[in-house]
Amino acid sequence: MIDLRNKLGIIFGVANKRSIAWATAQALAEAGARLALTYQNERLRENVEELAQSLAGSITMQCDVTRPEEVAQTFARVREEFGRLDFLIHSIAYAPREALEGEYLQTSREAFLTALEISAYSLTELARAAAPLMTDGGSIVTMTYYGAEKVVPHYNVMGVAKAALEASTRYLAAELGQRNIRVNAISAGPIQTLAARGIGNLTTMLKHHAERAPLRRNVEAREVAHTALFLCSALSSGITGEVIHVDCGYNIMAF
C-alpha cells in the first residue's frame with residue numbers, strides 16, 4: 001500500500017464526482033495526503049466544496065488559469081496553509097465546442113489560442129509557481145490523450161493542444177530534474193466524463209476502444225487515479241518526462 005501521510009498536494013481540474021481529477025483526489029487522500037482543490041469559477045464552487053468535505057483537512061480555492069492574479073493568489077494561499085508542496089495534479093483542458101466539430105482546417109485563431117493556453121500553457125504556468133514550494137523535490141502529473149499522437153475524429157485542436165502538453169512535460173522534466181522535481185503525463189483512454197461529452201463521437205469512440213484494446217474494455221477513472229498515485233509516490237522516484245498510457249493497451253494496436 002502506498003503511504004502518502006504527511007504529503008501535501010494541489011489538484012487542478014476537479015469539476016464533479018465523475019471527473020478524473022476527483023478520482024485522483026480520492027486515491028491520494030485515501031493514501032493519507034492532504035489536498036488543496038481548485039475550482040475555475042463561482043459556478044463550480046459549491047460542487048467542489050461539497051466534494052472536498054469528504055477529504056480530511058482539504059482546502060478549496062478559486063483559480064482560473066487564464067488569470068495570472070488568481071494563480072498567484074492560489075499559491076500564496078498554499079504557502080500560507082501548507083508551507084510546501086509535494087505534488088501537483090494538472091487535469092485541465094478546454095477548447096470551444098465549435099472547434100471540436102467539423103474540420104480542424106476551420107479552427108479559428110481564437111479557438112486555437114484558447115485551447116493551447118488552457119490545455120497546455122497552464123501546465124508551464126502552474127509548474128513555475130509550484131516549483132519554489134517543492135523544497136524537498138516533488139512530482140507534477142498532467143493528463144493527456146492518444147489524440148496527441150494520432151488523428152482522432154472530432155478531437156481536432158485539442159489533439160494539437162495535447163501534443164504541446166506532452167512536449168511541455170518533457171521540457172519541464174529536463175529543467176526541473178535538477179531540483180528533484182519529476183514531471184510526467186498520463187495518457188488515459190476515453191472515459192465518460194462531463195468534459196469528454198463535448199467530443200461528438202464519444203459513444204463510438206468508447207465502443208471502438210473496448211473492441212480493439214487488448215483488455216477488451218475501457219479504462220476506468222480509478223485506474224488512471226491509481227497511476228497518478230504511483231507517480232506521486234517514492235515508488236516512481238526514477239521516472240520523469242514520460243507519457244504513461246493507461247488505456248487498456250489500446251495504443252499498442254496497429255489495427
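All residue numbers refer to positions in the sequence shown, counting from 1. Every value quoted in this text rests on a predicted model; they were computed, and no experiment measured them. For the numbers below, each heavy atom of this structure counts, side chains included, while hydrogens, waters and symmetry mates do not.
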Nearest heavy atoms of Glu125 and Pro68, plus distance in Å: OE2-CA, 4.2 Å
Sidechain-backbone polar pair: Glu46 side chain, Arg43 backbone, donor-acceptor under 3.5 Å: no
Pairs involving residues 244-255, ordered by first then second residue, that meet side chain to side chain donor-acceptor pair (under 3.5 Å) (sequence neighbours left out): Glu149-His245, His208-Tyr250, Asp247-Asn251
Audit row: Val71, Arg67, side-chain contact (heavy atoms from CB on, under 4.5 Å) steps and yes/no: CA-CA 7 Å; Val71 173; Arg67 298 178 179 273; over 6 Å; no
Same cluster (ILVMFWY, side-chain, under 4.5 Å), Ile92 and Val48: no
Atom of Val78, atom of Ala36 and distance for their closest heavy-atom approach: CG2-CB, 4.5 Å
Worked verdict on Ile11 versus Trp22 for side-chain contact (heavy atoms from CB on, under 4.5 Å): CA-CA 9 Å; Ile11 301 181; Trp22 174 240; over 6 Å; no
Gap separating the OG1 atom of Thr38 from the CD atom of Gln40, nearest 0.5 angstrom: 9.0 Å
Gap separating the CD1 atom of Ile186 from the CD1 atom of Ile20, nearest 0.5 angstrom: 8.5 Å
side-chain contact (heavy atoms from CB on, under 4.5 Å) partners for Glu98, two or more places apart: Pro96
Side-chain heavy atoms of Leu35 within contact of Ile10, under 4.5 Å: no
Donor-acceptor under 3.5 Å (Ser108 side chain, Ala111 main chain): yes
Rounded distance [0.5 Å steps], CG in Leu229 versus CE in Met1: 9.0 Å
Atom CD of Glu50 with >12 non-hydrogen neighbours under 6.0 angstrom: no
Residue pairs fulfilling ring-ring contact (aromatic ring centres under 6.0 Å, His included) with at least one residue in residues 86-115, sequence neighbours excluded: none
Any donor-acceptor N/O pair, Ser19 side chain to Asn16 backbone, under 3.5 Å: yes
Asp86 (side chain) donor-acceptor with Gly138 (main chain) under 3.5 angstrom: no
Minimum-distance pair of heavy atoms, taken over all atoms of Ile181 and Thr240: O-OG1, 4.4 Å
Path from Leu126 to Val183 over hydrophobic side-chain contacts below 4.5 Å: yes
Flag, side chain of Asn47 to backbone of Ala15, donor-acceptor distance under 3.5 Å: yes
Heavy-atom closest pair, residues Ser233 and Ile2: CB-CG2, 3.6 Å
Straight-line distance of Lys162 NZ to Leu116 CG, nearest 0.5 Å: 11.5 Å
Side-chain (Arg212) to main-chain (Ala254) donor-acceptor, under 3.5 angstrom: no
Verdict with reasoning, Val224 to Met143, per side-chain contact (heavy atoms from CB on, under 4.5 Å): CA-CA 9 Å; Val224 180; Met143 302 295 171; 3.9 Å; yes
Distance in Å, Met205 CE paired with Ile191 CD1, rounded so as to fall on 0.5 Å steps: 12.0 Å
Partners meeting salt bridge (Lys or Arg N to Asp or Glu O under 4.0 Å) with Glu220 (sequence neighbours left out): Arg222
4.5 Å side-chain heavy-atom contact, His209 and Cys248: no
Asn156 versus Gly102, closest heavy-atom pair with distance: ND2-O, 3.2 Å
Donor-acceptor contacts under 3.5 Å from residues 163-172 side chains, at least two apart:
residue: Glu166; atom: OE2; partner: Thr144; partner atom: OG1; Å: 2.8
residue: Ser168; atom: OG; partner: Ala164; partner atom: O; Å: 3.0
residue: Thr169; atom: OG1; partner: Leu165; partner atom: O; Å: 3.0

Any side-chain donor near an acceptor of the partner, Arg34 and Ser58, under 3.5 Å: no
Lys207: partners by salt bridge (Lys or Arg N to Asp or Glu O under 4.0 Å), with sequence neighbours left out: Glu211
Side chain to side chain contact (heavy atoms under 4.5 Å, CB included) partner of Asp136, the single match among Lys7, Arg179, Arg84: Arg84
Inter-residue atom distance Leu235.CG - Asp3.CG, 0.5 Å rounding: 10.5 Å
Heavy-atom closest contact (Leu51 atom, Val14 atom, distance): CD1-CG1, 4.0 Å
Same apolar cluster (I L V M F W Y, side chains within < 4.5 Å links), Leu37/Phe75: no
Donor-acceptor contact below 3.5 Å, side chain Asn184 vs main chain Gly241: yes
Arg79 and Pro132, any side-chain heavy atoms less than 4.5 Å apart: yes
Shared hydrophobic cluster, Met134 / Leu231 (ILVMFWY, side-chain heavy atoms < 4.5 Å): no
Side-chain heavy-atom pair Leu88, Val141 within 4.5 angstrom cut-off: no
Same cluster (ILVMFWY, side-chain, under 4.5 Å), Met158 and Tyr121: no
Phe12 side chain near Cys63 side chain, heavy-atom distance below 4.5 Å: yes
Residues Arg45, Glu42: salt bridge by 4.0 Å N-O rule: yes
Under 3.5 Å donor-acceptor, Gln62 side chain and Asn41 backbone: no
CA sep, side-chain torsions, deciding dist, call: Ile140, Arg182, side-chain contact (heavy atoms from CB on, under 4.5 Å): CA-CA 6 Å; Ile140 298 173; Arg182 298 176 294 107; over 6 Å; no
Side chain to side chain, His154 and Leu100, heavy atoms closer than 4.5 Å: no
Min side-chain heavy-atom separation Thr24-Ser91 under 4.5 Å: no
